[in-house]
Amino acid sequence: MKRGFAVSFSWLFSIMAGIAIFLFLIGFAYKNTDLFGTLTSQIAVEELDTAFSGFKGSLVSTNLDFGKPVEIKLNCIDDVGEKIFVNNKGGKTLKGKLVFGPSLMEDSEYIIWTKDWRVPFKVTNFIYLIEKNKRYEFIGNKHDETDISGREVFNVMDIPEQMKSLVSNGGEFVDFKELSSYGGCVNNEKIIYWDYDEDLKDVHGFICLNREEFEFVGSAMMYAAIFSDNDDKYFRCMYEIAEDKAEIIAKIHREKLNLNPICGININFNLLDVSSIDRVNDLVSKNDLLLRENNCRSVY
Amino acid sequence: MDLFRKNVHGKRGQAEIFGLIIIVVLLIFAFLFFVKVKQDDSSNVVLRSNFRANNLMNAIMNVNFGDDDMKELLKKCLDKGGRPAPECNVPNDELTKIFEKTLLEFEKFEFKGTKGGAEFTLPQISDCLEGITASPVRLRGNYMFTLKLCS
Amino acid sequence: MNKKGQLEIGITMMILLVFLILLIISLIVYFQFTYQGIKETRQEILDEKFSTLVNTITGLPELKCSTRGAERECLDAERLVAFGKVVNNVANINTYRGIKDNYLEEFGVNRLDVEVVYPDVGVGDCNQGEYRESCENFNLISFKNTGLKYTTPVSVYYPDENKYKIGKLIVTAEIN
């Protein structure tokens, strides 16, 4: 009896030891796979950040194909800035880059496009990151004075075809209305109240997103509103970062003017408000006057 | 005696099982090592060199020398048939100085200007077989300038 | 019999011990390799980042030549001076400190300079005095002097002379 028990005890012990080792190996393999998943996501985030750095300086339109569905989250926190997350595993703060897009995206292919924001001096390139399968439906009446509808504003030559293909029926609504009809943002719809300024040769107006209003100058900001949302105050935060950036560029132009005080005497960058078409046009006209009559160089 | 043999076989069996487990563990680790494959992305290196070549070409074409800029000096050189016209001496000397100051010590280059049959090359004899080429600069009058940074 | 049993248990324990030691050694070696691999990946990513950065900086509206908004492929010497003053200004720390920290965080560099190499100019820092006098170095951002240097040639435009010179944009950064 004892002998038989001793033999089966050995086998039992061997089997239990084997199971314990096997479970340990499975656990180790699982944790390692997760580690590689996190590492891959973090590498993807770093590569995206480097790519965005490049796009910041040049006007591009390109596709990003991951080969399999990838989740990208964009969020923006006051005093910290914009953060991007890939697959909820890798994340990074995008310092100095303004990447606009829906807060939460999941697709295997993404479209990246850049557009320079001018007020009237160039501030930076806005980078738009959108899922290839995302769709936007433009609604709204034709603009009486210029006879251009919202869709036609978006249909201009410098917009690449892959961006225009995002506009179709059945997508997220974007309503375009005349600026003269603006009376505040009363509901949760995405509405662009816009007008075309002949002096600036660009659009301006008000954006309504989640009941919040944003005054804007420049089509780049308008496109930013079209492609983004205001979940968790994302667009509000990005808008403020853009304004801060414009203020820094204005400071540099003002400092540059100090090197030529005679030419810069009537231009006051302190009064510049990059969201106000009147202030922006004032800078444009003063600059033109300097070029024409005072033989000075362009301020910007 | 038989009982003893049986016990020995039992121990051998245990030892064999553990031995097999150790081998499996070592094989798994070896497999995990091989799974981490490094990808050598050479396309990024090419892109960066392209930027350098284009930046340098742009800087060279714009730079002023006295009242002229380098473009004008090179055009005058090619108008006179390229090397060995005396009009090519100044661009030759100045471009040599420029490349010495902007490129790394070991970096070789090939700069060429052509107009019809006229040619100006720097260095005069180049052994640059492969390299990154800047976008060629074409000027009215059938002038063309190229720059290659050798690899 | 008892002794045999004890012996068997002892042998089994020894085998387990050897196995555990082998396992621990393998894990240590494996994690060393993994850590080394991750470190190398980090260096490669940073190397790529700074190489791209050098070219991004040449496109910054803060520094790039423009006339009435229309850009040209050169750096404006006046903007280089103005940028350096705005970022490095110590006279008005409360106003400007945030800007320097912003750029340092954005670029992740130790230093950013533009050095004029052709034609020969004098030596010295262009931000200290008049940049129109002989000086060769525009210091844009300064934090530390250590690190690897990434450079690219640039065209530098002097607006008051209406002349172009050749310079090098130098990014000093650490990748370790």
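Hydrogens, waters and symmetry mates are skipped; everything else that's a heavy atom, side chains included, is used. Per chain, numbering begins at 1; letters A, B, ... match sequence-line order.
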**Q.** Spacing of B/Phe99 atom CZ and C/Ile166 atom CD1 [to the nearest 0.5 Å]
**A.** 8.5 Å
Q | Under 3.5 Å: donor-acceptor pair, side chain of B/Asn58, backbone of C/Glu73 | A | yes
Q: Specify which of B/Asn62, B/Leu103, B/Asp69, B/Leu56 makes the most heavy-atom pairs with chain C at under 4.5 Å.
A: B/Asn62
Q) Would you find more than 12 non-hydrogen atoms of other residues, nucleotides or ligands less than 6.0 Å from C/Met14 atom CE? A) no
Q: Determine the minimum heavy-atom distance between C/Val117 and B/Lys101, stating which atoms define it.
A: O-CD, 3.0 Å
Q. Is B/Asn55 reaching over with its side chain to a backbone N or O of C/Val154, donor-acceptor style, under 3.5 angstrom?
A. no
Q: Hey, could you give me the CD1/NZ distance between B/Ile98 and C/Lys165, rounded to the nearest 0.5 Å?
A: 13.0 Å
Q) Taking atom CG of B/Asp67 as the centre, does the number of heavy atoms from other residues, nucleotides or ligands within less than 6.0 Å exceed 12? A) no
(Q) Around atom CZ of C/Phe143, are there more than 12 heavy atoms from other residues, nucleotides or ligands closer than 6.0 Å? (A) no
**Q.** Side-chain heavy-atom pair C/Tyr118, B/Val63 within 4.5 angstrom cut-off
**A.** yes
Q: Give a yes or no on whether B/Lys108 atom NZ has more than 12 heavy-atom contacts from other residues, nucleotides or ligands under 6.0 Å away.
A: no
**Q.** Result of checking C/Asn55, C/Thr152, C/Val54 against B/Arg52 for side chain to side chain contact (heavy atoms under 4.5 Å, CB included)
**A.** C/Thr152
